[in-house]
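All heavy atoms count here, side chains included; hydrogens, waters and symmetry mates do not. As the structure lists them, so they are numbered: ligands from 1, and atoms in each ligand from 1.
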Amino acid sequence: MNKYPRGDERARMVERQIISRGIQNPRLLTAMREIPRHFFIPPPYDQSAYEDSPLPIGNGQTISQPYIVALMTELLDPGPDDHILEIGTGSGYQAAILGRLAKSIVTIERVPAVADLARSNLAHLRITNVTLVTGDGTLGYAAEAPYKGILITAATPQIPTPLLDQLADGGRLVAPVGGRNIQELTRICRRGTKIIESCHGGVRFVPLIGLHGWEDNN
Ligand code: SAM
């Protein structure tokens, strides 16, 4: 069922941008067909919501390209009973997708005005299993740890140690790791005391600003 407008555009987006690049998770594809990305993007860019690109959401921040949302979600592989932490709420779109796939989501946004926008976007869609926290996500959110999945949607020079500490055994962490301008999409899987790391291509994200991320240059 597709209860929101522009369903045809979403179906085309999923076909041409997501499936054609090899994403297969059927629950993820359904969520991307149903969740109205244009609700998360302020005008005039909402017109371009189903194009193959990131878009501005105000305050110098962006909503990620749909394919990157899909790729990071597939790498995270959230299960229906999983408790997930997202760092970098932005528009709230990625959190809404995760909310469809997992049991509960905590998402942290550093910029209060961006957090307010995301809160109203999520309320508009009556999404109730996403908890939004305003603050420095590089510290994680110990009160609700451990998490079966942690997704960082901003560029980090290294994986913040508090996040590694809050990752459950058998859990997965996905993040763009590298320089301020270009990063490698990285997945970390925790198996007991073992950490298994894999790389999944070059990406470009806005910086993760915080105690265990980049300094604020502004
Ligand atoms: N996931 C978002 C979406 O679906 O729209 C896109 C995230 S955007 C690329 C990156 C976000 O990370 C920005 O909103 C930025 O303010 C936020 N951010 C940067 N540093 C942060 C930190 N230390 N803690 C939490 N959020 C942070």
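- With sequence neighbours left out, F205 forms a ring-ring contact (aromatic ring centres under 6.0 Å, His included) with no residue at all.
- Formation of a donor-acceptor pair under 3.5 Å by the Q166 side chain with backbone atoms of Y141 is found in this model.
- Counting non-hydrogen atoms of other residues, nucleotides and ligands closer than 6.0 Å to CZ of R16 gives a total of 12 or fewer.
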Which pairs of nitrogen or oxygen atoms, taken one from ligand 1 and one from the protein, are under 3.5 angstrom apart?
from     : atom 1 : to   : atom 2 : distance (Å)
ligand 1 : 1 (N)  : E86  : OE2    : 2.9
ligand 1 : 1 (N)  : G88  : O      : 3.0
ligand 1 : 1 (N)  : T153 : OG1    : 3.2
ligand 1 : 4 (O)  : Q94  : N      : 3.0
ligand 1 : 5 (O)  : S91  : N      : 3.0
ligand 1 : 5 (O)  : S91  : OG     : 2.6
ligand 1 : 14 (O) : E109 : OE1    : 2.7
ligand 1 : 14 (O) : E109 : OE2    : 3.4
ligand 1 : 16 (O) : E109 : OE2    : 2.6
ligand 1 : 20 (N) : I209 : N      : 3.0
ligand 1 : 23 (N) : D136 : OD1    : 3.0
ligand 1 : 23 (N) : I209 : O      : 2.6
ligand 1 : 24 (N) : G137 : N      : 2.8
ligand 1 : 26 (N) : R110 : N      : 3.2

Donor-acceptor contacts under 3.5 Å from residues 190-197 side chains, at least two apart:
from : atom 1 : to   : atom 2 : distance (Å)
R190 : NE     : L167 : O      : 3.1
R190 : NH2    : L164 : O      : 2.6

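- Residues that satisfy the salt bridge (charged side-chain N to carboxylate O under 4.0 Å, His left out) test with D216, not counting sequence neighbours, are R110.
- A donor-acceptor pair is defined here as one N or O able to donate and one able to accept, closer than 3.5 Å; such a pair exists between the side chain of Q17 and the backbone of Y50.
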